[in-house]
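Working notes for the structure below.
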Protein chains: 2
Amino acid sequence: MTKLWANSGDSHLVEPENLFTERLSPELAERMPRSVKDEDGSWETVYVDGQEFRRRMPRGMLVDPETGQTMNEKAPGANDPVLRLKDLDEEGIWAELMFPSIGIWSHSIRTPELLAAGCRAVNDWAIEFQSHSPRYVCTATIPLLRVEDAVAEIERAAELGFKAAFLPVTPPSTELGDFHREGWEPVWAALEETGTVLAYHIGTEPHEADTTNGIYYRGPGGAVLNYVETTYGGQRAVSKMIASGVFDRHPDLKVIVSEGGATWGPFIADRLDEAYRQHGAVVRPKLSRLPSEFLYSNVWASFQHDRSAVQACAAMGWQNVTWGSDYPHFEGTYGHTQKTLHELFDDVDPAVSHRVRLGAFKELFPHVPDPPTEG
Amino acid sequence: MTKLWANSGDSHLVEPENLFTERLSPELAERMPRSVKDEDGSWETVYVDGQEFRRRMPRGMLVDPETGQTMNEKAPGANDPVLRLKDLDEEGIWAELMFPSIGIWSHSIRTPELLAAGCRAVNDWAIEFQSHSPRYVCTATIPLLRVEDAVAEIERAAELGFKAAFLPVTPPSTELGDFHREGWEPVWAALEETGTVLAYHIGTEPHEADTTNGIYYRGPGGAVLNYVETTYGGQRAVSKMIASGVFDRHPDLKVIVSEGGATWGPFIADRLDEAYRQHGAVVRPKLSRLPSEFLYSNVWASFQHDRSAVQACAAMGWQNVTWGSDYPHFEGTYGHTQKTLHELFDDVDPAVSHRVRLGAFKELFPHVPDPPTEG
């Protein structure tokens with residue numbers, strides 16, 4: 001079976017436990033999130049920024065329900081930049097857009113200075129990770145409690161060598177409001193001016209440290225319904241930017257939504273157009289192009305297993321569909337990447353296959369080299 | 001230009017104002033929703049089931065923001081079964097699945113007996129409307145405060161000649177819970193046994209009479225964002241049924257989601273499968289087939305203008321895509337139906353064109369005759 005290489009628009013870093021104690025002053029490090037587990041291991045107390053939260057240990061995210069392995073046991077390269085390349089080579093994953101591990105660490109911090117210092121520490125660590133290989137494209141974590149902190153960190157990150165910045169799909173609750181509000185304008189400007197790709201990852205709605213994010217449904221089918229629900233936040237985030245005219249003001253700003261699937265792109269494009277035209281009399285602001293044109297030109301999306309995502313590129317004309325592994329997470333393709341890639345692409349036009357596996361990603365990150373066997 | 005005929009999976013009835021006073025006892029009629037407008041016409045007081053709500057007049061839904069015309073002025077056939085056929089013939093709309101006008105009338109009723117009587121009155125009126133033409137497929141309105149009332153009205157409606165029953169995408173708040181809960185089982189059984197198509201219409205989440213439904217966002221792009229948001233309720237409704245195993249227990253139950261677009265079908269199908277397989281260890285109940293197979297076989301969807309919806313059928317293999325006019329609503333195609341149909345279908349494989357315009361609808365409602373020029 002020929003090895004198919006693919007760039008991944010959705011991969012994850014797992015930050016080391018001592019990251020904050022090693023990189024922040026003791027006064028700040030002490031206020032960063034830390035967990036004390038109960039003796040029986042079923043609950044923990046999380047201390048963060050002077051607050052205290054009790055919560056049940058979130059086993060599903062950290063332990064493979066099939067094998068009982070932790071993420072680092074299942075994927076030893078998850079947090080080792082040298083071992084990781086071995087995993088990637090075996091799987092056929094070439095370059096990766098890498099997100100911080102989605103966790104409790106930032107959402108419960110209420111002190112802007114503390115959040116900004118925490119983000120700098122995470123980013124200083126991530127850029128070291130990135131330096132191990134040109135295949136690593138790490139996302140910078142951006143503090144969003146104050147717009148001036150966000151802009152400063154976007155600019156600092158770009159100077160450090162970051163090519164992408166991670167934002168949650170919904171901002172924390174502040175007077176800035178949601179992403180369609182005017183207050184975020186300096187952030188969009190800073191991203192565009194520094195040539196930084198804005199990377200949304202789904203499932204990142206702000207939540208308290210004692211709330212397990214992503215539990216919308218319980219009862220029959222709950223696990224499936226919760227997974228489906230996660231996709232909508234990414235669709236909303238780009239809809240807000242398009243509808244409020246962000247891409248009219250910042251035509252060079254590029255956005256990727258990771259792990260939300262990709263077939264929603266043409267769907268939401270059509271729906272935005274229908275809203276814009278059929279409710280035209282009450283739509284503000286007016287846009288210079290149809291909403292769908294902004295979505296098709298400024299927005300990218302990554303998927304893992306979806307058969308229809310390839311057709312969103314081949315038959316619906318959205319060129320910005322990129323595959324993603326979600327390595328090392330359990331809903332990703334680790335352990336069966338080649339099987340997945342062959343199922344997705346063996347019967348597909350070679351140009352479409354190349355675009356979805358490699359080309360769409362490369363357009364976002366042209367500095368990344370090509371894989372050994374495909375240009 | 002050749003006339004293209006299309007069946008509509010999404011059209012609306014506008015109930016007459018005297019419906020309840022003519023068909024209910026004075027004691028019951030008095031408790032049904034009625035509105036008293038303020039002198040300046042900007043606010044109204046709604047009285048319903050012993051409650052009193054103040055609300056701003058919802059102009060956008062009832063008056064065309066472009067022309068200032070009311071719905072009945074713009075589309076005189078909206079509520080006249082004879083004039084309506086003239087409108088349909090001019091537009092090229094053949095048969096219609098017709099929903100009650102989405103309004104405040106049911107959601108604020110808290111007394112099960114009153115709601116059941118109101119639904120019977122609406123349905124007795126709608127079946128008279130349906131009797132004017134075999135092209136009219138009216139949906140029966142179902143009272144959901146008590147499951148026994150719902151089952152009784154589904155059975156009564158089927159005997160009256162209804163082929164479809166309208167449900168809101170989320171049930172009212174009762175101890176029955178949401179649609180993935182076990183308590184709804186008798187409703188699914190009654191629909192399947194009577195051969196009644198379950199018709200969800202988007203934008204029908206329960207809400208109080210003083211709340212304008214569908215306002216999720218204000219500020220820049222708000223009108224566009226609110227329209228996008230409406231689609232998710234329909235996707236959730238069918239996801240709940242699939243994930244909780246409804247179609248395993250009721251394989252002959254057919255569902256249509258109207259006005260939510262159609263390209264979401266293959267997208268949600270893939271996402272349900274990814275959830276079901278990648279989180280398999282924690283998924284309950286187990287299903288006999290992949291979720292996508294249930295979606296592709298048991299679920300239909302209607303769209304108005306979406307270019308990508310035709311490709312959801314042509315390139316993604318979902319056969320259950322049906323066009324819809326949304327007549328006489330302002331976001332629909334009334335006044336430009338032939339232009340829309342030609343734009344959508346002129347360059348499409350004739351078999352796909354026929355399926356989306358006529359065949360998919362006909363599979364749901366085989367009793368409907370064929371249009372004059374196309375079988």
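Just so we're on the same page: letters track the sequence lines, and every chain starts at 1.
- Looking at B:R284, the atoms closer than 4.5 Å to chain A (heavy atoms on both sides) all sit in the backbone: N, CA, C or O.
- Counting heavy-atom pairs closer than 4.5 Å to chain A, the top-ranked of the candidates B:T263, B:L272, B:D178 is B:T263.
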Run the side-chain contact (heavy atoms from CB on, under 4.5 Å) test on B:R181 and A:R218 for me, step by step, so that the C-alpha distance in whole Å, both residues' side-chain angles and the decisive distance to 0.1 Å come before the verdict. CA-CA 9 Å; B:R181 297 289 182 174; A:R218 296 183 187 277; 4.0 Å; yes
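- Ring pair B:H279/A:Y227 is tilted by interplanar angle, where 30° to 60° counts as tilted.
- Contacts with chain B were tallied for A:A309, A:G317, A:A315, A:A269; A:A315 has the most, counting heavy-atom pairs under 4.5 Å.
- With a 4.5 angstrom heavy-atom cutoff, B:A262 touches chain A only via backbone atoms.
- Note: A:R236 CZ to B:E229 CD = 4.0 Å, rounded to the nearest 0.5 Å.
- Of the possible donor and acceptor atoms, none in the side chain of A:E274 sits under 3.5 Å from a partner among the backbone N and O of B:D306.
- Looking at B:Q278, its side chain does come within 3.5 Å of a backbone N or O of A:G332 through a donor-acceptor pair.
- Highest contact tally toward chain A, considering only B:S292, B:G219, B:G177, is held by B:G219 [criterion: heavy-atom pairs under 4.5 Å].
- For the atom pair NE2 (B:H305) and CG (A:D273), the distance works out to 10.5 Å, reported to the nearest 0.5 Å.
- Distance check: B:I268 CD1 to A:F267 CZ gives 8.5 Å after rounding to the nearest 0.5 Å.
- The CH2 atom of A:W264 lies 12.5 Å from the CD atom of B:Q235; values are rounded to the nearest 0.5 Å.
- In this structure, A:A223 and B:V283 approach most closely via the heavy-atom pair CB-CG2, 4.3 Å.
- The residue among B:A275, B:P220, B:A243 with the most heavy atom pairs within less than 4.5 Å of chain A is B:P220.
- For chain A, the nearby parts of B:Q304 are the backbone and the side chain; heavy atoms of each come within less than 4.5 Å.
- In this structure, OG in A:S308 is found 11.0 Å from CZ in B:R271, a value given to the nearest 0.5 Å.
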